[in-house]
Novice: 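What follows is a single structure, and I will ask about it in a moment.
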Amino acid sequence: MKRELLGRARRASKLDKVRWLILGSTNIILLLPLFGYAELFVRWQAGVLPWPLGVGVAVLLLVFIVLSPRPIAIAVRGGKRPTAILAITGVIVALLSVFPLIWIIPTWLALLAAFARKRTVIALSVASIVVVNVYVTLVEGVIVPLLLTQTLFTVISVGAVWANLRLWQLAKEAHEGQEALSRLAVSEERLRFARDLNDLLGQSLTDVASRAAHAEQALRADPAAAAAEMFEVRDLARQSLREVRTAVQNYRALDLDEVLASVRAVLEAADVRCTVRADTTALTPESRTLLATVVREGATNVLKHSRAERCTITIEDGVLEMSNDGVSGPAGEHAPNGLAGLAERVRAAGGTLRAEPTREGRYLLRAAVPA
């Protein structure tokens, strides 16, 4: 069980951890009704509260404590208002206020604050403070500490729920904004590549189509002229092919040092401590581009498929080793457009690529290319 919890914690995303933190800090407020048991014990010892009645009050208080975390969890998840739970806990609060147990009133107002309007919650808070203190004044006389205590706990409980829910909303917006920026960057890159290809091939393909049409028209009347036109079509097609290959090569060309610096900055921004030790001076341009592609793909996998806290990148004599501590258990098959595709490119260049967990509990990506 403990291992499962630890594994779940390591696999959790940052947004999940923020949600757990919000729920944990909010649920601390919900422990306030536990003070009611101490008050019940004191009254029972003093003989003010008969034990059968005390047992009933204790049971109601337990039901309230068990139900109280549920509305906050629903609010964080963005679910519908749990009217039944709020109604049941509200009835319990009304019953226990007769004694009065003031510890549960701020907690119930905090539960309501997650779903009701602020004006409504503020009005109910003021009304509860006034009613309870008037009731206590009529029954037991004026008790100033009670007024101060209830007011303080109400402000803390309601304010904490509002603050935590606002923090959760900001965390979700930041997470969604980061994902939107990533998708936008990919879309912009695709649009730029498509625009460049359109500018590059548009005129060439138009010329090819036009000359092919001329050749078709001249084929019967003047075969020699038609053949000349087709030779021109062939030359245009070859030239267009060379231009496309040059454009694709330029897109594929990556500066290894820039990629290493960029990957380190991105990983550290994601709270992954990254250490880079790279000797790239003796590498050929082809090997540098290939290793840059592997490093970039490895960093993507660290961010998407692991919960790494540390990552180490070393390059020496054409051998890249990229390890992290964020993968536990056996790894699945590599995607064809990810490491599997890179492995084929590395093998075609005369190198090797492996990616697998190690005995030390780390995940190692190792690529060796001709230096």
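These numbers come from the heavy atoms of this one structure, side chains and all, not from hydrogens, waters or symmetry mates. Because the structure is a prediction, the values reported are computed rather than measured. Along the sequence shown, residues are numbered consecutively beginning with 1.
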Novice: For the backbone of Leu290 and the side chain of Arg345, can you confirm whether one donor and one acceptor N or O come within less than 3.5 Å of each other?
Specialist: no
Novice: Do Arg273 and Cys311 have side chains that approach each other closer than 4.5 Å (heavy atoms only, starting at C-beta)?
Specialist: no
Novice: In plain terms, say whether Glu356 and Arg354 are close enough for a salt bridge, that is, a side-chain N and a carboxylate O under 4.0 Å apart.
Specialist: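 The answer is yes: the pair qualifies as a salt bridge.
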Novice: Side chains of Thr151 and Thr154 only: does a donor on one sit below 3.5 Å from an acceptor on the other?
Specialist: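 On atom types as modelled, these side chains do not qualify, holding no pair under 3.5 Å.
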Novice: Picking from Asn164, Leu23, Thr26, what satisfies side-chain contact (heavy atoms from CB on, under 4.5 Å) with Val76?
Specialist: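 Going through Asn164, Leu23, Thr26 one by one, the side-chain contact (heavy atoms from CB on, under 4.5 Å) with Val76 is satisfied by Leu23 alone.
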Novice: Is there a path of hydrophobic side-chain contacts, each under 4.5 Å between heavy atoms, that joins Leu167 and Ile74?
Specialist: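 Looking at the clustering, Ile74 is in the same group as Leu167.
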Novice: Is there side-chain contact between Arg296 and Ser262, with at least one heavy-atom pair below 4.5 Å?
Specialist: no
Novice: For Ser25 and Asn27, does a side-chain donor sit closer than 3.5 Å to a side-chain acceptor?
Specialist: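 The criterion, which ignores hydrogens and geometry beyond distance, is not satisfied for Asn27 and Ser25.
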Novice: Answer yes or no: is there a side-chain heavy-atom contact under 4.5 Å between Ser323 and Leu365?
Specialist: no
Novice: Below 3.5 Å, can you tabulate the donor-acceptor pairs from side chains in residues 107-127 to any protein atom, sequence neighbours excluded?
Specialist:
from	atom 1	to	atom 2	distance (Å)
Trp108	NE1	Leu86	O	3.1
Trp108	NE1	Thr89	OG1	3.2
Ser125	OG	Val121	O	2.7

Novice: With rounding to the nearest 0.5 angstrom, report the CG to SG distance, Leu260 to Cys274.
Specialist: 8.5 Å
Novice: So, the side chain of Asn324 versus the backbone of Ala308: is there a donor-acceptor pair under 3.5 Å, distance only?
Specialist: no
Novice: Provide the closest heavy-atom pair for Leu342 versus Val294 in the form atom of the first, atom of the second, distance.
Specialist: CD1-CA, 3.9 Å
Novice: With clusters defined by side-chain heavy atoms of hydrophobic residues (ILVMFWY) lying less than 4.5 Å apart, directly or transitively, does Leu31 cluster with Val158?
Specialist: yes
Novice: Of all the heavy-atom pairs spanning Leu165 and Ala75, show the shortest one and how long it is.
Specialist: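 Closest pair (atom of Leu165, atom of Ala75, distance): CD2-CB, 4.2 Å.
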Novice: Would you say Ile105 ends up clustered with Ile88 if hydrophobic residues are merged whenever their side chains have heavy atoms under 4.5 Å apart, either directly or through other cluster members?
Specialist: yes
Novice: How are the rings of Trp103 and Phe153 set to each other: parallel, tilted or perpendicular (split at 30° and 60°)?
Specialist: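 Tilted.
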Novice: With clusters built from Ile, Leu, Val, Met, Phe, Trp and Tyr whose side-chain heavy atoms come within less than 4.5 Å, directly or transitively, what are the remaining members of the cluster of Leu170, listed by chain and number?
Specialist: none
Novice: Is any side-chain heavy atom of Val18 less than 4.5 Å from a side-chain heavy atom of Trp168?
Specialist: yes
Novice: Checking Tyr37 side chain against Ala58 main chain: does a donor-acceptor pair fall under 3.5 Å?
Specialist: yes
Novice: Indicate the atoms forming the closest heavy-atom contact of Val276 with Arg264, along with that distance.
Specialist: CG2-CD, 4.1 Å
Novice: Minimum heavy-atom separation for Ala299 and Val263, please, with both atom names.
Specialist: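 Ala299 and Val263 have their closest heavy atoms at CB-CG1, 3.5 Å.
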Novice: Is any side-chain heavy atom of Thr314 closer than 4.5 Å to a side-chain heavy atom of Leu320?
Specialist: no
Novice: Strictly by modelled atom types, are Thr352 and Arg347 linked by a side-chain donor-acceptor pair under 3.5 Å?
Specialist: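 Looking only at side-chain atoms, Arg347 and Thr352 do not form any donor-acceptor pair under 3.5 Å.
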Novice: Does any part of the side chain of Ile315, heavy atoms only, come nearer than 4.5 Å to the side chain of Arg277, both counted from C-beta?
Specialist: no
Novice: Work out which heavy atom in Ser287 is nearest to a heavy atom in Val369; give both atom names and the distance.
Specialist: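 For Ser287 and Val369, the tightest heavy-atom pair comes out as CB-CG2, 3.8 Å.
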Novice: Compare every heavy atom of Arg310 with every heavy atom of Arg362, then report the nearest pair and how far apart it is.
Specialist: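 Closest heavy-atom pair between Arg362 and Arg310: NH2-O, 4.0 Å.
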Novice: Between Val91 and Val93, is there a shared hydrophobic cluster once you connect ILVMFWY residues whose side-chain heavy atoms come closer than 4.5 Å?
Specialist: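 Result: yes, single cluster for both.
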